[in-house]
Amino acid sequence: MSKEGEHHHWRGRWAWPHSWEEAEGFLKRIAMEVREEPLPWAPHWLVGVDVAYGVTRAFAGVAAYDLEKASVAASWVVPGVPPWPYRPGFFFLREAPLVLAALKGLPKRSVVVLHGHGRAHPLRAGLASVVGVLLELPTIGCAGSLLCGEATEPGAAAGSWSPIWWEKRRVGAWVRTKAGVKPVVVSVGHGIRLQEAVHLVSTASVYRLPQPLREADRLARQVMRSCGG
DNA sequence: GCGACAG
DNA sequence: ATCTTGTCGC
């Protein structure tokens, strides 16, 4: 990845943060731009993105899952360099630059699902919201655990879910994607309704995480290992 | 002050 | 997250 975001069309409108302090202001502005609204069309693709990290390089895996055929139709990997260390609440600083570069040229009617949070974030704007707002794409956050908020345990059956509350707002859903397995945290990233996000994640799941995310993760790791980290 | 804390 | 294959249990 070269100088973060330099070549993207959103340069100018959004100055990429260069400190933790700037990152906080950046997220607050992203949060104000997030729209929680119905998708403008019936989605055809659920595109999963995940990044695997080696010693010096990182690899973003992307998997386009055809919702009708219930299978991954295309996948690719984009190499880069992780510019920031991980810090809870600022995961986007580490992951977003490479993810943004990897999501070029998606087909129409694509919804992107990211391995992290959207509105279920202390500032109500996690990685999925950053990517959604900057690329003006519908995005969903899907994470393995809560960063903030509270929820009651959903029922044991696959598909059941309960709302997640944070500062008196409903910021996400705790979703049982597989019977008897720990629920995942689903939240709106941008341009979609929580209900639709929950439905898409549930529909695309066989195991705990939705298929496009599993495939993106598997592919990114595979390529990373074949490239020697 | 201490613990918790997406990946 | 990552080091790491098979194995134990429902």
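Order of the sequence lines fixes the chain letters, A, B, ..., with proteins taken first and strands second; residue numbering starts at 1 for each chain.
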Inset, instruction - Starting at CG of D50(A), measure out to CZ of R221(A) and round the result to the nearest 0.5 Å. - result: 7.5 Å
Legend entry - Distance in angstrom units between H121(A) NE2 and dG7(B) P, rounded: 12 Å
Legend entry - Name of the residue among V186(A), T152(A), V171(A), L194(A) meeting side chain to side chain contact (heavy atoms under 4.5 Å, CB included) with I164(A): V171(A)
Legend entry - Heavy-atom check, side chain of E196(A) versus side chain of P38(A), under 4.5 Å: yes
Inset, instruction - Of all the heavy-atom pairs spanning A220(A) and G61(A), show the shortest one and how long it is. - result: CB-N, 3.7 Å
Legend entry - Integer-rounded Å distance: dA6(B) C1' and F90(A) CZ: 13 Å
Inset, instruction - Report, as yes or no, whether the 6.0 Å neighbourhood of atom CZ on R225(A) holds more than 12 heavy atoms from other residues, nucleotides or ligands. - result: no
Legend entry - Residue pairs involving residues 24-65 of chain A (criterion ring-ring contact (aromatic ring centres under 6.0 Å, His included); sequence neighbours excluded): W14(A)-F26(A), W16(A)-F26(A), F26(A)-F92(A)
Inset, instruction - Would you sketch DNA chain C in dot-bracket for me? Only Watson-Crick or G-U wobble pairs with both distances under 3.5 Å count, crossing pairs as [ ], other-strand pairs as |, the rest as dots. - result: ..........
Legend entry - salt bridge (charged side-chain N to carboxylate O under 4.0 Å, His left out) contacts in which one or both residues fall within residues 15-34 of chain A, not counting sequence neighbours: R13(A)-E33(A), E24(A)-K28(A)
Inset, instruction - Report which part of the nucleic acid H115(A) touches: base, sugar-phosphate, or nothing (heavy-atom distance under 4.0 Å, all strands). - result: sugar-phosphate
Legend entry - Y86(A)-dG7(B) aromatic stacking (under 5.5 Å, under 30°): yes
Inset, instruction - Starting at atom CZ of R221(A), determine the distance to atom P of dA1(C), rounded to an integer number of angstrom. - result: 7 Å
Inset, instruction - Quickly work out the F59(A) CZ to dT2(C) P distance and round it to whole Å. - result: 13 Å
Inset, instruction - Name all pairs fulfilling the ring-ring contact (aromatic ring centres under 6.0 Å, His included) condition that reach into residues 137-174 of chain A, sequence neighbours left out, sorted by first residue then second. - result: none
Inset, instruction - For DNA chain B, write out the stems as range with range, using runs of 3 or more consecutive Watson-Crick or G-U pairs with both distances under 3.5 Å. - result: none
What does the list of N/O pairs under 3.5 Å between the protein and nucleotides 4-10 of chain C look like, with a distance for each?
none

Legend entry - Interatomic distance, L98(A) CG vs dA1(C) C1' [rounded to whole Å]: 15 Å
Inset, instruction - Remember a base hit wins even if backbone is also touched, and classify G144(A) as base, sugar-phosphate or nothing at under 4.0 Å, heavy atoms. - result: sugar-phosphate
Legend entry - Heavy-atom check, side chain of S129(A) versus side chain of H190(A), under 4.5 Å: no
Legend entry - CD/E153(A): more than 12 non-hydrogen atoms of other groups inside 6.0 Å: yes
Legend entry - Student check: side-chain heavy atoms of V131(A) and L137(A) closer than 4.5 Å: no
Legend entry - Rounded distance (Å) that lies between atom P of dA6(B) and atom CZ of F91(A): 10 Å
Legend entry - Length of the line joining Y53(A):OH and dT2(C):P, which is rounded to integer Å: 10 Å
Inset, instruction - Please state how far atom CG in L127(A) lies from atom C1' in dA1(C), giving the value in whole angstrom units. - result: 14 Å
